Participant: 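Please find one structure pasted underneath; my questions will follow.
FYI, side chains are in, hydrogens and waters are out, and symmetry mates aren't considered; it's all heavy atoms of this structure. Note that the coordinates shown come from a computational prediction; the quantities given were computed from them, not determined experimentally.
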Amino acid sequence: CILTPKMVDVDQHPNITLYSWSEVENISGYIGNFSVTVRKKARYVIEELCTGCGICEEKCPRKVVDEVFEAGLAQRKAIYTPFPQAVPKYPVLDPPNCTYFERGKCKACQILCPTGAIDFEQEDEMIEFAAGNVILATGYDLFDSKRIPQYGYGRLANVFTSLEFERMVNASGPTAGNIVLRDGETVPKSVAIIHCVGSRDNNYHEYCSKVCCMYSLKFAHLVHERVPDAEVYNFYIDIRTPGKGYEEFYNRLLEEGTHFIRGRAADVTDAARLPGEEGKLIVQAEDTLIGKQRRVPVDMVILSAGMEARHDSLEVSLMFGMGCDFNGFFTERHPKLDPVATMTEGIFIAGACQGPKDIPDSVAQGAAAAARVSGLINQGTVMMEPVRASINKEACSGCRICNDLCPYNAIVFHEDQKLSEVITALCQGCGTCVAACPSSAINGAHFTNDQVLSEIEGILCDVREHQAVPA
């Protein structure tokens with residue numbers, strides 16, 4: 001309800017070209033002169049003919065589990081719209097699950113499409129265009145809760161991830177907003193919410209994901225709202241509610257009767273040992289506030305999974321000439337003074353690709369990145385730092401060591417001349433190539449060997465004069 005109007009505005013804006021179902025294959029150039037190659041993947045639907053009527057999806061006989069939007073809780077067709085408010089509202093065909101691509105039969109969607117928009121012969125299309133600046137907002141991946149086997153996700157039926165529960169409580173979700181167990185009917189009378197799954201853990205990610213505490217509190221509130229008689233237990237390490245109105249929401253949960261147990265949950269099991277545990281999930285944890293081990297029997301367990309960097313963040317950072325930190329998030333130019341820019345001029349980042357963020361922070365950073373790009377466009381001419389490397393062609397041996405070492409891909413090799421050249425607009429003056437060149441053919445502007453030696457000579461001038469004074 002928040003994002004859809006924005007997506008519609010983007011789609012209808014006369015100065016915005018929207019490439020959906022596409023990904024960047026290559027980018028070259030520098031600020032003001034980027035050349036971008038995009039692969040527009042085949043959706044097997046002719047967009048110019050499609051009206052988004054949905055008949056193809058309705059008549060398709062093949063159903064598969066929707067692991068993306070419905071988080072595995074519902075099914076979709078082999079030809080489908082990714083989600084109800086998708087922009088543009090063109091369906092996409094899933095070849096691995098399509099009967100025609102498997103057996104060469106069916107074609108129900110093509111036969112019944114009133115505009116003839118289905119094209120089984122469609123192929124990927126490569127599109128090239130120029131760009132002056134780039135904003136990366138690639139988002140994040142949700143931590144895979146199966147990596148922590150002691151929590152039982154995938155093994156114990158009524159252990160849910162946060163994304164599954166989010167779809168469940170949505171009014172348009174597979175259960176129409178009703179909170180039920182995996183059987184689709186039983187309403188839980190007790191629910192445990194485990195915080196920091198994959199976060200603040202030396203075995204996985206040491207950092208805090210920043211959003212888990214608040215959405216765990218939201219889940220507790222929704223359980224109280226939809227199942228008034230349910231008991232809700234929150235297992236937490238620390239409650240972190242630093243945002244505007246967040247602490248008040250935490251106090252509201254205390255008033256609603258939520259049980260807060262301070263201690264990381266050690267195990268989730270269905271092995272009953274005590275009376276009243278039969279048929280329940282038992283969460284075992286140490287309550288550090290009272291110094292005792294506790295076994296809490298519940299009907300449902302929700303794992304508040306943390307945020308982690310996208311699985312392909314390293315490849316993307318190399319493609320765009322940026323850096324990644326040890327956790328895989330994109331590295332900004334300065335964490336406080338310039339959090340939206342990168343070390344490559346003209347490349348900006350926004351949202352959770354830089355690090356864990358909630359919605360307000362992501363929106364603010366996105367607006368900041370857009371403002372920076374708008375400012376550069378209005379400037380017309382961009383002033384750059386003067387410290388850049390240059391290559392003395394007469395001394396260059398063509399060994400290409402600098403080409404491989406440059407972190408910004410700012411050095412090109414001319415095969416016809418067997419010489420390397422620095423693209424000044426891409427060079428950031430880091431000095432890596434200067435130090436690595438075995439022929440001393442590369443100089444850094446304002447830091448040439450003669451200049452450095454002159455500085456040393458100036459520093460030692462007083463020493464030389466002192467030594468020249470006779471005793």
Participant: With ring centroids as reference points, do Phe260 and Tyr250 lie under 6.0 angstrom apart?
Facilitator: yes
Participant: Please name the pair of heavy atoms, one in Arg39 and one in Asp124, separated by the smallest distance, quoted to 0.1 Å.
Facilitator: NH1-OD2, 3.3 Å
Participant: Step through the shown structure and confirm whether more than 12 heavy atoms of other residues, nucleotides or ligands are within 6.0 Å of CD1 on Ile359.
Facilitator: no
Participant: Can you tell me how far the CZ atom of Arg310 sits from the SG atom of Cys324, to the nearest 0.5 Å?
Facilitator: 12.5 Å
Participant: Can you check whether Asn409 reaches Thr344 side chain to side chain, under 4.5 Å on heavy atoms?
Facilitator: no
Participant: Carefully, step by step, assess Asn234 and Ser216 under the rule side chain to side chain donor-acceptor pair (under 3.5 Å).
Facilitator: CA-CA 8 Å; Asn234 274 44; Ser216 297; 5.2 Å; no
Participant: Does Arg76 reach the main-chain N or O of Asp66 with its side chain, forming a donor-acceptor pair under 3.5 Å?
Facilitator: no
Participant: Would you say Tyr30's side chain and Ala410's backbone share a donor-acceptor pair under 3.5 angstrom?
Facilitator: no
Participant: Do Tyr19 and Thr17 come close enough that some side-chain heavy atom pair is under 4.5 Å?
Facilitator: yes
Participant: Within the distance-only criterion (no hydrogens, no angle test), does the side chain of Ser35 pair as donor or acceptor with the backbone N or O of Gly29 below 3.5 angstrom?
Facilitator: no
Participant: Applying side chain to side chain contact (heavy atoms under 4.5 Å, CB included), run through Ile193 and Thr258 and close with a yes or a no.
Facilitator: CA-CA 11 Å; Ile193 303 173; Thr258 303; over 6 Å; no
Participant: Rounded to the nearest 0.5 Å, what's the gap from NZ on Lys218 to CZ on Phe165? Could you check?
Facilitator: 9.0 Å
Participant: Consider only side-chain N and O atoms of Tyr215 and Ser162, and report whether a donor and an acceptor are under 3.5 Å apart.
Facilitator: yes
Participant: Determine whether more than 12 heavy atoms belonging to other residues, nucleotides or ligands lie under 6.0 Å from atom CD of Glu415.
Facilitator: yes
Participant: When you compare the side chain of His195 with that of Ile237, does any pair of heavy atoms fall below 4.5 Å?
Facilitator: no
Participant: Leu93 and Cys109: which non-hydrogen atoms are nearest, and at how many Å?
Facilitator: CD1-SG, 4.3 Å
Participant: For Glu394, is the CD atom crowded, meaning more than 12 foreign heavy atoms sit under 6.0 Å from it?
Facilitator: no
Participant: Under 4.0 Å between a Lys/Arg side-chain N and an Asp/Glu carboxylate O for Arg43 and Glu125?
Facilitator: no
Participant: Give a yes or no on this: more than 12 heavy atoms of other residues, nucleotides or ligands lie within 6.0 Å of atom CD of Glu123.
Facilitator: no
Participant: Do the ring planes of Phe120 and Tyr100 sit parallel (below 30°), tilted (30 to 60°) or perpendicular (above 60°)?
Facilitator: tilted
Participant: What's the spacing between Tyr153 OH and Thr161 OG1 if we round to 0.5 Å?
Facilitator: 4.5 Å
Participant: Does Arg372 make a cation-pi contact with Phe348, if we ask for NZ or CZ under 6.0 Å from the ring centre and within 45° of the axis?
Facilitator: no
Participant: Treating Gln428 as the side-chain partner and Leu426 as the backbone partner, does any N or O pair qualify as donor plus acceptor under 3.5 Å?
Facilitator: yes
Participant: Does the ring centre of Phe69 sit less than 6.0 Å away from the ring centre of Tyr80?
Facilitator: no
Participant: Indicate yes or no for a side-chain donor-acceptor contact from Asp238 to the backbone of Arg240 under 3.5 Å, with no hydrogens or angles considered.
Facilitator: no
Participant: Hey, what do you get for CD (Glu166) to CG (Leu73), rounding to the nearest 0.5 Å?
Facilitator: 11.5 Å
Participant: Is there a side-chain contact between Arg226 and Met168 in this structure, where contact means two heavy atoms from C-beta onward sitting under 4.5 Å apart?
Facilitator: no
Participant: Just verifying a value: how many Å separate Asp141 CG and Ser313 OG, rounded to the nearest 0.5 Å?
Facilitator: 8.5 Å
Participant: Does a side-chain heavy-atom distance below 4.5 Å link Glu332 with Asp338?
Facilitator: no
Participant: Could you go through Glu25 and Glu23, starting from their C-alpha distance and side-chain angles, then the distance that decides it, and tell me whether this counts as side chain to side chain contact (heavy atoms under 4.5 Å, CB included)?
Facilitator: CA-CA 6 Å; Glu25 285 286 314; Glu23 59 184 25; 3.5 Å; yes
Participant: Does Asp416 offer a backbone N or O that forms a donor-acceptor pair with the side chain of His414 under 3.5 Å?
Facilitator: no
Participant: Looking at Arg252 and Glu256, does any basic side-chain N land under 4.0 Å from a carboxylate oxygen?
Facilitator: yes
Participant: Looking only at atom types and distance, does a side-chain atom of Lys357 sit under 3.5 Å from a main-chain N or O of Lys210, one as donor and one as acceptor?
Facilitator: no
Participant: In sequence, state the C-alpha distance, the side-chain angles, and the governing distance for His221 and Leu253, and then conclude on side chain to side chain contact (heavy atoms under 4.5 Å, CB included).
Facilitator: CA-CA 7 Å; His221 173 70; Leu253 265 294; 4.1 Å; yes
Participant: Could you pull out the closest heavy-atom pair between Ser209 and Ser199, with the gap in Å?
Facilitator: OG-OG, 2.5 Å
Participant: Identify the heavy atoms of Val340 and Ala369 that sit nearest to each other, and give their distance.
Facilitator: CG1-N, 4.2 Å
Participant: Distance from Phe249 atom CZ to Cys213 atom SG, nearest 0.5 Å?
Facilitator: 12.0 Å
Participant: What do you reckon, is CZ of Phe143 surrounded by more than 12 foreign heavy atoms closer than 6.0 Å?
Facilitator: yes
Participant: Decide whether Tyr246 and Asp358 meet the rule of one side-chain donor and one side-chain acceptor closer than 3.5 Å.
Facilitator: yes
Participant: Okay, side chain of Tyr151, backbone of Ile194: is any donor-acceptor separation there less than 3.5 Å?
Facilitator: no
Participant: With heavy-atom distances below 4.5 Å as the criterion, would you say the side chains of Val92 and Val45 are in contact?
Facilitator: no
Participant: Which pair of non-hydrogen atoms, one from Gln354 and one from Phe329, has the smallest distance, and what is that distance?
Facilitator: O-CB, 3.3 Å
Participant: Side-chain contact test, heavy atoms from C-beta onward, threshold under 4.5 Å: evaluate it for Thr241 versus Met214 and give yes or no.
Facilitator: yes
Participant: Apply side chain to side chain contact (heavy atoms under 4.5 Å, CB included) to the pair Thr115 and Thr51, showing each step before the final yes or no.
Facilitator: CA-CA 8 Å; Thr115 60; Thr51 61; 4.1 Å; yes
Participant: Counting N and O atoms only, with roles assigned by atom type, does the side chain of Asp11 sit under 3.5 Å from a partner on the main chain of Met7, one being a donor and the other an acceptor?
Facilitator: no
Participant: Taking all non-hydrogen atoms of both residues, which atom of Ala137 and which atom of Cys353 are closest, and how far apart?
Facilitator: CA-SG, 4.2 Å
Participant: With a 4.5 Å cut-off on side-chain heavy atoms, are Tyr207 and Pro356 touching?
Facilitator: yes
Participant: Take Phe101 and Tyr44 through the test ring-ring contact (aromatic ring centres under 6.0 Å, His included) and record every step on the way to the result.
Facilitator: CA-CA 12 Å; Phe101 282 94; Tyr44 304 98; 5.1 Å; yes
Participant: Is Arg333 salt-bridged to Glu345, going by a charged N under 4.0 Å from an acidic O?
Facilitator: yes
Participant: Please check this pair: side chain of Glu57 against backbone of Gly54, looking for a donor-acceptor N/O pair closer than 3.5 Å.
Facilitator: no
Participant: Would you call Lys77 and Asp94 a salt bridge, taking side-chain N to carboxylate O under 4.0 Å as the test?
Facilitator: no
